[in-house]
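Worksheet: the structure to be examined is printed underneath.
Numbered from 1 within each chain, the chains take letters A, B, ... in sequence-line order. All values derive from a computational prediction rather than experimental measurement. Basis for what follows: all heavy atoms, side chains included, without hydrogens, waters or symmetry-related copies.
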Number of protein chains: 2
Amino acid sequence: MKIVAPALPDALPDAAPDATVDMGPLTGLIGYALRRAQLAVFHDFNRTMEAEAIRPAQYSVLKVLQRNPGLRQGQVSTALGIKRANFVPLLDELQRRGLTERRAVPEDRRAKGLFLTPQGATLLAALDAKLGEHEARFVARIGQQGKYTLLGLLQQLSDPAFDPDG
Amino acid sequence: MKIVAPALPDALPDAAPDATVDMGPLTGLIGYALRRAQLAVFHDFNRTMEAEAIRPAQYSVLKVLQRNPGLRQGQVSTALGIKRANFVPLLDELQRRGLTERRAVPEDRRAKGLFLTPQGATLLAALDAKLGEHEARFVARIGQQGKYTLLGLLQQLSDPAFDPDG
DNA sequence: TATTGTTATACTCTATAACTATA
DNA sequence: TATAGTTATAGAGTATAACAATA
């Protein structure tokens, strides 16, 4: 498969073996390139965490609770960009598996404070070790300098402060 | 965070993590940063193409057919990383809207060649104009040089040739 | 009245298995 | 036997609306 992308290394994942497909300007689009890269990285993440059956969103919740024990549900879901309605079943599952718990918040009886259980903390330690290997596989491709360059660029794309409309 | 257009098909993603929440190592993860950036860019894409009701995957199909008229369904879906089973309803919808058509392939009666209709070509021209503005909004954030740096890094993350496991 | 967590619902995207008609 | 397109289905992710308890 031939990639028309001047000034870029060529090839995309899962290329048609026999045909030459001109991807045209697609490979030069930020959004298209982001989608392909995210699929590759998330796929590796899922494979890495397969034994523990933890997906990216679940890991992000555990990690936030480790650093911010007692946060309210709404604070966690907002911080992670997950709608609060969708956050409920996600959290139910983590709780069902004994990894997190909801506790009453004295100051506001509507709210629930979230905490890792000891099992959750233990699992997270194991996940972090595997995550290091996952991350290292991609750092091996682009280098430490490349990673920091990438994170800076992605931050600018994500940050609404850079969006005149947003 | 501010809601710009509540009536849109996509609500604005909560792109900015809450300031009081320690995101810890999450923001330093390639996958997490990719997800946030992709959400921001795809959201802008969907807002940009709202009037035409074209989503990223649909645009990518139209663009590939413009450059490669007559490609078979399997070739298009493989090139775009879409499973052939999922490609059927996507294509059905484009066809229902009169934007693409399936034609018999004389050499192989199992296969179907895909083509843009005149309406599809006309729509694509309009989409491309809007896409230019969409892309420019993000280039305005990171610069032309930043864009090419970014595309190169993303390409390396996506490229299975860099993956020792395949 | 507004907010927190919840339920219900729907649509998209993704993934697998199995069918049909061809090859 | 294998392949191209299709159907059916199931699991995630994400979106909105509305409700009960509480502020």
Side-chain angles (χ1 to χ4, degrees), chain A residues 13-14 16-19 35-36 38-40 42-43 45-47 49-50 53-61 71-78 80-95 100-114, chain B residues 3 5-15 18 35-36 38-40 42-43 45-47 49-50 53-61 70-78 80-95 100-114:
Chain A
D14 295 298
D18 47 343
R35 171 178 170 262
R36 302 302 292 234
Q38 204 220 303
L39 285 176
F42 270 41
H43 180 258
F45 182 100
N46 286 326
R47 212 163 29 127
M49 307 306 189
E50 200 181 6
I54 289 289
R55 269 155 304 108
Q58 297 173 316
Y59 173 81
S60 70
V61 173
L71 272 189
R72 296 167 184 206
Q73 242 175 265
Q75 291 179 301
V76 178
S77 65
T78 297
L80 292 173
I82 302 170
K83 300 262 179 242
R84 70 191 196 282
N86 299 326
F87 194 59
V88 174
L90 195 165
L91 203 55
D92 286 346
E93 168 71 5
L94 293 176
Q95 193 165 320
T100 63
E101 53 182 349
R102 293 167 164 104
R103 292 187 205 158
V105 173
E107 312 87 56
D108 186 339
R109 291 168 55 199
R110 296 171 302 180
K112 294 176 183 174
L114 303 185
Chain B
I3 303 302
L8 294 176
D10 288 341
L12 199 68
D14 291 324
D18 192 85
R35 170 177 172 263
R36 301 303 292 233
Q38 204 221 304
L39 285 176
F42 270 42
H43 176 259
F45 183 100
N46 286 325
R47 219 173 15 141
M49 307 305 188
E50 193 191 8
I54 289 288
R55 266 153 308 108
Q58 296 174 316
Y59 173 81
S60 70
V61 172
L71 273 189
R72 296 166 184 206
Q73 244 175 264
Q75 293 177 303
V76 178
S77 65
T78 299
L80 292 174
I82 302 170
K83 300 256 180 251
R84 71 191 195 282
N86 299 326
F87 194 58
V88 174
L90 195 166
L91 202 56
D92 286 346
E93 168 71 4
L94 293 177
Q95 193 165 321
T100 64
E101 53 183 349
R102 295 166 163 104
R103 292 187 204 158
V105 173
E107 312 88 56
D108 187 340
R109 290 169 55 200
R110 297 172 302 182
K112 293 174 184 175
L114 302 185

- [ ] Have a look at A:Arg109 and say if it touches a base, only the backbone sugar-phosphate, or nothing, with a 4.0 Å heavy-atom cut-off.
- [x]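 Touches sugar-phosphate only.
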Task: B:Asp108 or A:Arg35, whichever maps to the more 5' nucleotide of DNA chain C - done: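 Looking at the nearest nucleotide for each, A:Arg35 comes out on the 5' side.
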To the nearest Å, how far apart are [X] [atom1] and [N] [atom2]?
| X | N | atom1 | atom2 | value |
| --- | --- | --- | --- | --- |
| A:Leu39 | D:dA12 | CG | P | 17 Å |
| B:Asp92 | C:dT12 | CG | C1' | 15 Å |
| B:Glu50 | D:dA15 | CD | P | 14 Å |
| B:Arg55 | D:dA15 | CZ | C1' | 13 Å |
| B:Lys83 | D:dT9 | NZ | C1' | 16 Å |
| A:Ile82 | D:dG13 | CD1 | C1' | 10 Å |
| A:Glu93 | D:dA12 | CD | P | 8 Å |
| A:Glu107 | D:dT22 | CD | C1' | 14 Å |

[Y] and [X], any side-chain heavy atoms less than 4.5 Å apart:
| X | Y | result |
| --- | --- | --- |
| B:Asn86 | B:Leu90 | no |
| B:Thr100 | B:Leu91 | yes |
| B:Asn46 | B:Pro56 | yes |
| A:Arg84 | A:Gln73 | no |
| A:Glu93 | A:Gln58 | yes |

Can you tabulate the close N/O pairs, meaning under 3.5 Å, that link protein atoms to atoms of nucleotides 8-10 of chain C?
none

Task: Phosphate OP1/OP2 of D:dA4 contacted by B:Arg102 side-chain N/O (<4.0 Å) - done: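 No.
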TODO: Ignoring backbone atoms, establish whether A:Gln75 has a side-chain N or O less than 4.0 Å from OP1 or OP2 of C:dT4.
DONE: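 Negative; the distance criterion is not met.
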Open item on the list: Tell me whether A:Thr78 contacts the main-chain N or O of A:Gln75 through its side chain, where contact means a donor paired with an acceptor under 3.5 Å.
Closed with: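 The answer is no, because no donor-acceptor pair under 3.5 Å joins these two groups.
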- [ ] Using modelled atom types only, decide if a donor and an acceptor are shared between the side chain of A:Arg102 and the backbone of A:Ala111 within a distance under 3.5 Å.
- [x]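 No; judged by distance alone, with no hydrogens or angles, the pair does not exist.
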Open item on the list: On the side chain of B:Arg110, is there an atom forming a donor-acceptor pair with the base of D:dG5 - under 3.5 Å, no angle test?
Closed with: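 Result: no qualifying N/O pair found.
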